[in-house]
Amino acid sequence: MKKDLVKLAPSILAADFARLGEQVAAAERAGADRIHVDVMDGHFVPNISMGPVIVHSLRPVTPLPLETHLMISHPDSFLEEFVQAGSDSFLVHWEGNANLHRTVQRIKALGKRAGVVINPATPTAVLEEILQDVDQVLVMTVNPGFGHQQFLPTTLPKIRRVREMIEQIQPRANLEVDGGIDADTAPLAVAAGADVLVAGTAVFGEKGGVDVAMNRLRASIDRLEKERQ
Ligand code: DX5
Ligand code: ZN
């Protein structure tokens, strides 16, 4: 995989919310490909984060796609509100959704990109019947709900399996990873087949600033490419 095909999606969950617009602009200048917005409702995951109002505030600040990761119990009820606020794509979980196909079709009917997410304990087989309908798969590399958790190395063989499935069933789909991605784990995830990396703490938690952090992440992927040549 060529390095420029690997996309970086900073997660604003780790940003300083008092300076959110500034932080997103810094991520954009440093080469972010999209902005990852983590929405949590305190039910689906044991944490509450943000809603459409944040998307609405960010929409005029950046031209980058606003990717909305819905960690909420009833995603269908909020799709339109997020679209009106400015979301460009949605990531919806397989877990807890008895009508995932309907959710995906609703997202597409709204003209947005649809991605399906699986948690660390969820087997890849659940993707078989939905993969043909989605633009993206997100493999969680931590349990969802919190930033700054440790990458679970047991997810690496799973990323490889999902890459194989994508090549067979839906080659145009992206394979994204989310949780504990930094300069050490990013090359592992990319080597396993990921082509979109979500990173929160590794981007916004770096003392040296967002551009230093993004450069470090990008360099870690570049090194992998050189080693492969
Ligand atoms: C976890 C969220 C992640 C999180 C990643 O539930 O989906 O997007 O913000 O944060 P880091 O990169 O700090 O693990
Ligand atoms: Zn996320």
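Residue numbers start at 1 and run along the sequence shown. Just so you know, ligand 1 is whichever comes first in the structure, and atom 1 is the first atom listed for that ligand.
For ligand 1 and Met40, the ligand atoms under 4.0 Å from any heavy atom of the residue are 6 (O). Each of the atoms 6 (O) of ligand 1 lies under 4.0 Å from some heavy atom of Pro144. Those atoms of ligand 1 with a heavy atom of His36 less than 4.0 angstrom away are 8 (O). Interface of His148 with ligand 1, defined as ligand atoms under 4.0 Å from a residue heavy atom, comprises 11 (P), 13 (O), 14 (O). Within the listing of ligand 1, atoms 7 (O) sit less than 4.0 angstrom from a heavy atom of His69.
Side-chain N/O atoms of Thr122 and Glu95 include a donor and acceptor closer than 3.5 Å.
Using the six-membered ring where Trp is involved, Phe90 and Phe82 have ring planes that are perpendicular, over 60° apart on the 30 and 60° scheme.
Gly145 N, 2.7 Å is the protein heavy atom nearest to atom 6 (O) of ligand 1. Nearest protein neighbour of atom 5 (C) of ligand 1, counting heavy atoms only, is Asp178 OD1, 3.5 Å. Among all non-hydrogen protein atoms, the one lying nearest atom 1 (C) of ligand 1 is Phe146 O, 3.5 Å. Protein heavy atom nearest atom 12 (O) of ligand 1, with residue, atom name and distance: Gly200 N, 2.7 Å.
At a 4.0 Å heavy-atom cut-off, ligand 1 touches Ala199 through the backbone alone. Looking at Thr201 against ligand 1, both its backbone and its side chain come within 4.0 Å, counting heavy atoms.
Protein N/O/S atoms closer to the Zn ion (ligand 2) than 2.8 Å number 4 in this structure.
Side chain of Gln170 to backbone of Gln132: a donor-acceptor contact under 3.5 angstrom is found. Counting only distance, with no hydrogens or angles, the side chain of Arg59 and the backbone of Thr62 share a donor-acceptor pair below 3.5 Å.
Contact between Ala202 and ligand 1 is absent, with no heavy atom of the residue lying under 4.0 Å from the ligand.
Closest to atom 14 (O) of ligand 1 by heavy atom, among Ala15, Gly180, Gly147, is Gly180.
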